[in-house]
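Below is one structure, written out as structure tokens; the observations come after it.
We name chains A, B, ... by the order of the sequence lines, and we start the count at 1 in each one.
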There are 2 protein chains.
Amino acid sequence: MKDVAARAGVGLKTVSRVVNGEPGVTQDTERRVQEAITALGFRRNDSARVLRKGRTSSVGLVLEDLADPFYAPLNRAVEEVARAHGALLINGSSAEDPERERELALAFCARRVDGLIVIPAGHDHRYLEPEIAAGVATVFVDRPAGGIAADAVLSDSHGGARAGVAHLIAHGHRRIGFIGDRPRIHTAGERLRGYRTAMADAGLPVPDGWVSLGPTTPERVRAEAERMLSGEHPVTAFFTGNNRVTVTILRVIAQLPHPVALVGFDDLELADLLSPGVTVVAQDAARLGRTAAELLFRRLDGAEEAPRRVELPTRLIVRGSGELPPGES
Amino acid sequence: MKDVAARAGVGLKTVSRVVNGEPGVTQDTERRVQEAITALGFRRNDSARVLRKGRTSSVGLVLEDLADPFYAPLNRAVEEVARAHGALLINGSSAEDPERERELALAFCARRVDGLIVIPAGHDHRYLEPEIAAGVATVFVDRPAGGIAADAVLSDSHGGARAGVAHLIAHGHRRIGFIGDRPRIHTAGERLRGYRTAMADAGLPVPDGWVSLGPTTPERVRAEAERMLSGEHPVTAFFTGNNRVTVTILRVIAQLPHPVALVGFDDLELADLLSPGVTVVAQDAARLGRTAAELLFRRLDGAEEAPRRVELPTRLIVRGSGELPPGES
DNA sequence: CTGAAAGCGCTAACAG
DNA sequence: CTGTTAGCGCTTTCAG
């Protein structure tokens, strides 16, 4: 910028004015400065600007996996809101590792993001207390924060799972298996709770063997499904706790001689084209992201209310797999 | 940091040494400094650090759509490589708008990213010349740069499409429709070229009506497909230019009274579970991203070779839809 | 082993 | 309308 000023024969501040489109510069001076800028290939150094202004116009997003088809639209939605507010997005995947979540969040804070959106991997977010105290607006999405009071935007996991399982029960199922993600993941627990509520509502017992929480690897999910389908009291339907489990169960079911009913949590891209279509409890990932980002920017614009917990509804999409009757047992 | 120094009763530089894990500090002094850091909730301001050091340890990624199931794994792969090199990732979606691509890329440059990975939306990247001259390593992925010499990591779109169409021809098809993305997108053109090559190899004519490039909206794709399926010489098979077109064509085909063969470019998550399974020409999006990121960091580590163009192979995955015979016409 | 001073590139605050 | 000065928070340099 110094060089530009020298070349254009003006003061530093004038260049600054031109670069930032501030008023108070003659057409002629502006032209001279612009020429110098192009000639020198100058671009404002935002690091220096940030240092001076205090605001970075950037937000950090810590999510579980950038590549997960459920989180990708959430990511995009956050980006769009950020863009509308003139902010850039820095993001990273925690890979469901609390330590990595922490590293990312703190790295973002060191970069002085204005705000932070976190899909928690861990359950203790007290490490963020100094940062929040220092003014980093923070919103949690998909799962609540642990150990601190903070904004959270969640899906109604309990209600959604309850409705999905009730749907299976309404179609005659009495023995329904639940396969979900690891129990330390908040949504996994909530969905299991929804399953138990629906079963209890119908006065149905839930033997331990019908419930399985754990890693969503195809191997584990397949083994658990096969276990639940064998033995004395095989299940006649599955309720699956997220998109990855659903995909594996679909592959398991496709190889069975008899039909097994299925309702999955999370929608899938081609769910309507399978036969039968896959009945799901859908959450709106983009809306989750948008809501969180909007809340974040409201905070950044000075909203000082107490931390809020927003819960978004889920939607049961009926496509066939959840309406299959129980086979003879 | 000043505050920390004051509180710990040491000099500024000593705090800096502790914060950065540099040697030359007594155990005792270090402890005092650490205490002050925790007490004050101090975190190093990376903006200031960057200003001084010149390197930001961050890379920018401009892609088309963060939420696209094809680009999401690429995004994740880039993130992993960046992470391995201690760098953060800033990213944004161009939404296939050249102006937006430019804005994002230049905003990243203003933040002084060390390197830039771009999935081009536009065809003229001369706007990056000053940045590259100023030292921003730049790698293009999925599509080549326009107007400048730069590294590019691409899939073999021409070869992949050619193989996919040849597969349909080998299964008896003579009238094959091609529906792809807008012609200004490089990969769309290359895939069309592959289609034409395969048709020419087999001595088959290609009337204009069998080829359609344009927006990948369901409405347009559906209309074009229905047009190609009607009239005097209806097509008996489709080759689709990317995942979004394939998804729509699958919906169109599902509603037809007679089967129509299909080979799609890009794999789909549930492609194996449809009946018939969807035969596709798959690219490895994660590998594309990984390769580009590794090349980028090689540049950042000082590799000074001439710009390289890396072309990754595609893979034909046979699942059923591409092996359907042509119906009677 | 420790610290003081200079300066990275920019903008806020004030003169002219 | 334009320019000067100070200083954002850190690291580099060099001297204790």
Side-chain angles (χ1 to χ4, degrees), chain A residues 1-37 40-58 86 106-114 130-131 134-136, chain B residues 1-34 36-37 40-58 106-114 130-131 134-136:
Chain A
M1 193 173 252
K2 217 171 46 188
D3 300 344
V4 175
R7 183 176 175 121
V10 300
L12 210 53
K13 180 63 200 178
T14 302
V15 179
S16 175
R17 286 201 181 89
V18 172
V19 168
N20 296 301
E22 286 168 25
V25 183
T26 340
Q27 286 252 323
D28 186 56
T29 322
E30 170 158 4
R31 199 183 36 70
R32 281 216 320 288
V33 173
Q34 286 292 8
E35 269 172 25
I37 287 177
L40 268 48
F42 167 84
R43 178 157 322 278
R44 181 181 69 198
N45 184 330
D46 277 348
S47 301
R49 171 168 228 249
V50 155
L51 189 56
R52 202 52 245 246
K53 302 205 79 152
R55 276 216 165 184
T56 54
S57 295
S58 62
L106 292 180
F108 294 166
C109 289
R111 304 261 164 155
R112 292 297 186 269
V113 291
D114 297 333
E131 316 299 331
V136 181
Chain B
M1 192 174 252
K2 215 170 48 187
D3 300 345
V4 175
R7 185 177 175 119
V10 300
L12 209 55
K13 178 63 202 177
T14 302
V15 179
S16 174
R17 285 201 182 87
V18 171
V19 168
N20 296 302
E22 286 168 25
V25 183
T26 340
Q27 286 251 323
D28 186 55
T29 321
E30 170 157 3
R31 199 183 35 68
R32 282 218 318 289
V33 173
Q34 286 292 10
I37 286 176
L40 268 45
F42 167 82
R43 178 157 322 278
R44 182 181 67 198
N45 184 330
D46 277 348
S47 301
R49 171 170 230 247
V50 155
L51 189 55
R52 204 53 244 244
K53 302 205 79 151
R55 274 217 167 184
T56 54
S57 295
S58 62
L106 292 180
F108 294 167
C109 289
R111 304 262 164 154
R112 292 297 185 267
V113 292
D114 298 334
E131 316 299 330
V136 181

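Between Arg52(B) and Met1(A), it is Arg52(B) whose nearest contact on DNA chain C lies nearer the 5' terminus.
A 4.5 Å side-chain heavy-atom check between Phe108(A) and Val136(A) finds every atom pair outside the cut-off.
One distance of note links CG of Asp3(B) with CG of Leu12(B); it measures 10.0 Å at 0.5 Å rounding.
Taking atom NZ on Lys2(B) and atom P on dC10(D), their separation rounds to 10 Å, with Å as the unit. If you measure from atom CZ of Arg44(A) to atom P of dC8(D), you get 20 Å, rounded to the nearest angstrom. Here dG9(D) presents its P atom at 10 Å from CZ of Phe42(B), a figure rounded to the nearest Å.
Read 5' to 3', the first and last nucleotides of DNA chain C with an atom closer than 4.0 Å to a heavy atom of chain A are dG9(C) to dA13(C).
Comparing the end axes of the helix from dC1(C)-dG16(D) to dG16(C)-dC1(D), each fitted to five base pairs by superposing C1' atoms of four pairs onto the next four, gives an inter-axis angle of 30° (nearest 10 degrees).
When all heavy atoms are compared, the tightest approach of Val25(A) to Glu30(A) is CG1-N, 3.8 Å. When all heavy atoms of Ser58(B) and Arg111(A) are compared, the pair lying nearest together is CB-NH1, 3.4 Å.
Within residues 5-18 of chain B, the residues approached by DNA chain C to less than 4.0 Å at the level of any non-hydrogen atom are Val10(B), Gly11(B), Lys13(B), Thr14(B), Arg17(B), in residue-number order. Contacts with DNA chain C (heavy atom under 4.0 Å) in residues 20-29 of chain A: Asn20(A), listed by number.
Screening residues 19-29 of chain A for salt bridge (Lys or Arg N to Asp or Glu O under 4.0 Å), with sequence neighbours left out, gives Lys13(A)-Glu22(A), Asp28(A)-Arg31(A), Asp28(A)-Arg32(A).
Scored by the side-chain contact (heavy atoms from CB on, under 4.5 Å) test, Ala36(B) finds Val4(B), Arg7(B), Ala8(B) as partners (sequence neighbours excluded). The side-chain hydrogen bond (donor to acceptor under 3.5 Å, both in side chains) test applied to Ser57(B) returns no partner, not counting sequence neighbours. With sequence neighbours left out, Arg43(A) forms a salt bridge (Lys or Arg N to Asp or Glu O under 4.0 Å) with Glu131(B). Here Thr14(B) pairs with nothing under the side-chain hydrogen bond (donor to acceptor under 3.5 Å, both in side chains) rule; sequence neighbours left out. By the side-chain hydrogen bond (donor to acceptor under 3.5 Å, both in side chains) test, Arg55(B) pairs with no residue at all, sequence neighbours left out. In this structure, the side-chain contact (heavy atoms from CB on, under 4.5 Å) partners of Val50(A), at least two apart in sequence or on a different chain, are Thr56(A), Ser47(B). For the side-chain hydrogen bond (donor to acceptor under 3.5 Å, both in side chains) test, residues two or more places apart in sequence or in another chain that qualify with Arg44(A) are Asn20(A), Asp46(A).
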